[in-house]
Amino acid sequence: MKLRVLGAHNVESRHTRMESHLIDGVLALDAGSLTRSLTQDELQGIPAIILSHRHFDHVKDLLPLGIAVRNAGVTIDVYAIQDTVDAVTETLMTGRLFPDFLSSPSIETPTFRMHAVEFYKPFRVLGYEAMAAPVPHSVPAAGFQVSDGQMRLFYTGDTGRGLGDVWEHVEPDVLLTEVTFGNKNEAGARAAGHLTPNMLLDELERFRAIHNRVPQVIVSHINPAWEEAVRSELAEISRSSGQDFIVADADLHLELGRESLRLLES
């Protein structure tokens, strides 16, 4: 399984992109920076998207993506929990901001086809088995375990304290998770439903208690104001605990294996 990080922050600027990732060039995890990161041909080659929740920084590129592919006869299947499907349908896909991407007499096929998924009920998407699990956040949110039959990736999307409640239901080889704030802003992280490095370590210890191991960890969704602290604090945790972290950034390419992560050239 190959993972391409498209965006690894919660703020968009000249040097940062909002959360979005691409598995094997075909399955997108969230839509915060799809069109800013990919070529026209690459966009038309994405047949499916999984959305973790309805916050704007995770769904905003659905509209420009729709414009990019609508005249190519492409239909993209979008998978999310019902709360996210409803929010996207009722706010972004009304036809008032952009053309109607769900149904339009001017095109033969819809640009997006929405699918509501249930927690803990596996479903097939492309050649993968996926499953949604509830994660703690300020709005209803889901993490998704995605398996290609050889290894399992669990993408948390935005999550906060209590993530470890899902460890009895998923057992990933690789964890792609967030750390939005530094340790000194734990109060802010708790209030907003996000993680700090120390909070993530606590959740990983819960994983170890259940599975007698820890997954390989990729950290994303960093707030730029806290990035220096997050990187420093994760490095300190690595030195003191032996737990390694890969801190994601835009255009990072990884080959994911059950035992190791390999950096690929962009």
Side-chain angles (χ1 to χ4, degrees), residues 1-6 19-32 34 45-55 58-59 62 75-89 110 112-137 139-160 162-178 203-204 206-218 220-221 254-259 261:
M1 184 184 291
K2 293 179 180 178
L3 177 72
R4 179 176 175 183
V5 177
L6 305 179
E19 188 87 357
S20 195
H21 308 275
L22 193 60
I23 295 176
D24 295 331
V26 294
L27 176 59
L29 303 175
D30 279 334
L34 291 174
I46 299 176
I49 299 172
I50 287 174
L51 298 177
S52 63
H53 65 294
R54 58 176 150 95
H55 276 156
H58 294 257
V59 304
L62 290 177
T75 295
I76 299 173
D77 289 297
V78 180
Y79 299 85
I81 59 173
Q82 190 67 58
D83 179 84
T84 307
V85 169
D86 292 343
V88 167
T89 302
F112 295 110
R113 187 162 44 218
M114 307 298 294
H115 304 271
V117 301
E118 299 177 29
F119 290 132
Y120 303 131
K121 185 175 182 180
F123 62 96
R124 299 295 298 181
V125 49
L126 306 179
Y128 308 92
E129 181 177 271
M131 186 183 73
V135 297
H137 191 43
V139 300
F144 285 84
Q145 181 163 277
V146 180
S147 172
D148 64 358
Q150 298 185 20
M151 63 86 57
R152 297 178 298 269
L153 168 71
F154 186 68
Y155 171 58
T156 68
D158 286 4
T159 188
L163 171 64
D165 291 346
V166 307
W167 295 152
E168 292 186 5
H169 303 275
V170 300
E171 191 176 356
D173 304 296
V174 178
L175 175 66
L176 173 56
T177 189
E178 70 128 276
E203 304 303 329
L204 291 174
R206 294 184 65 187
F207 188 101
R208 188 192 303 275
I210 294 172
H211 298 297
N212 199 33
R213 65 175 183 88
V214 290
Q216 302 167 92
V217 182
I218 305 168
S220 189
H221 199 266
L254 293 165
E255 184 173 75
L256 310 184
R258 296 187 67 178
E259 302 296 333
L261 303 178

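Basis for what follows: all heavy atoms, side chains included, without hydrogens, waters or symmetry-related copies. In this chain, residues are counted from 1 in sequence order.
- Residues Leu51 and His58 share a closest heavy-atom pair of CD2-O, 3.8 Å.
- Here the shortest heavy-atom pairing between Met114 and Val85 reads CB-CG1, 4.1 Å.
- Thr159 and Glu178 form no side-chain donor-acceptor contact under 3.5 Å, judged by distance and modelled atom types alone.
- Taking Arg124 as the reference, nothing meets the salt bridge (charged side-chain N to carboxylate O under 4.0 Å, His left out) condition, with sequence neighbours excluded.
- By the 4.5 Å heavy-atom criterion applied to side chains, Asp173 and Leu256 are not counted as neighbours.
- Side-chain contact between Thr75 and Phe112 is absent, with no heavy-atom pair separated by less than 4.5 Å.
- With sequence neighbours excluded, the residues forming a salt bridge (charged side-chain N to carboxylate O under 4.0 Å, His left out) with Glu255 are Arg262, listed by chain and number.
- Every residue was checked against the salt bridge (charged side-chain N to carboxylate O under 4.0 Å, His left out) condition with Asp86, not counting sequence neighbours, and none meets it.
- Shown here for Gly162 and Glu203, the closest heavy-atom pair between the two residues is N-OE2, 3.2 Å.
- Residues forming a side-chain contact (heavy atoms from CB on, under 4.5 Å) with His169 (at least two apart in sequence, or on another chain): Tyr120.
- The side-chain hydrogen bond (donor to acceptor under 3.5 Å, both in side chains) search around Asp165 returns Arg206, not counting sequence neighbours.
- Looking at every heavy atom in both residues, Gly143 comes nearest to Val135 through N-CG1, 3.6 Å.
- Note that CG of Leu3 and CG of Leu27 are 10.5 Å apart. Values are rounded to the nearest 0.5 Å.
- Residues Leu29 and Leu22 have side chains not in contact (no heavy-atom distance under 4.5 Å, counting atoms from C-beta outward).
- Panel note: side chain Thr84, backbone Ala80; no donor-acceptor pair is recorded below 3.5 Å.
- Residues satisfying the side-chain hydrogen bond (donor to acceptor under 3.5 Å, both in side chains) criterion with His211, sequence neighbours excluded, are absent altogether.
- A distance of 9.5 Å separates NE2 of His53 from CD1 of Ile81, quoted to the nearest 0.5 Å.
- Contact check for Lys2 versus Ile23: no side-chain heavy atoms found under the 4.5 Å cut-off.
- Residues forming a ring pair (Phe, Tyr, Trp, His ring centres under 6.0 Å) with Tyr128 (at least two apart in sequence, or on another chain): none.
- His137 contributes atom NE2, which lies 10.0 Å from atom OG1 of Thr156 (distance to the nearest 0.5 angstrom).
- Every residue was checked against the ring pair (Phe, Tyr, Trp, His ring centres under 6.0 Å) condition with Phe119, not counting sequence neighbours, and none meets it.
- Annotation: side-chain hydrogen bond (donor to acceptor under 3.5 Å, both in side chains) contacts of Ser52 (sequence neighbours excluded): Asp30.
- Taking 4.5 Å as the limit, every side-chain heavy atom of Leu175 sits out of range of all side-chain heavy atoms of Phe207.
- Every side-chain contact (heavy atoms from CB on, under 4.5 Å) that Gln145 has, sequence neighbours left out, goes to Arg152, Phe154, Val170, Pro172.
- Atom CG of residue Leu62 and atom CD1 of residue Ile76 lie 8.5 Å apart, to the nearest 0.5 angstrom.
- In this structure, Glu19 CD and Asp158 CG are separated by 7.0 Å, a value rounded to the nearest 0.5 Å.
- Every residue was checked against the salt bridge (charged side-chain N to carboxylate O under 4.0 Å, His left out) condition with Asp24, not counting sequence neighbours, and none meets it.
- Closest approach of Ala130 to Ile50, counting heavy atoms only: CB-CD1, 4.4 Å.
- Here Thr177 contributes atom OG1 and Ile218 contributes atom CD1; the two are 10.5 Å apart, rounded to the nearest 0.5 Å.
- Gly257 and Met151 make their closest contact through O-CE, 4.2 Å (heavy atoms, listed as atom of the first residue, atom of the second, distance).
- Two residues are said to be in side-chain contact when any heavy atoms from C-beta on lie closer than 4.5 Å; Pro215 and Val174 fail this criterion.
- Using a 30° and 60° split on the angle between ring planes, Phe123 and Tyr79 fall in the parallel class, below 30°.
- Taking a 6.0 Å sphere around CD of Glu171, one finds it holds more than 12 heavy atoms contributed by other residues, nucleotides or ligands.
- For His21, the ring pair (Phe, Tyr, Trp, His ring centres under 6.0 Å) criterion is met by Tyr155, not counting sequence neighbours.
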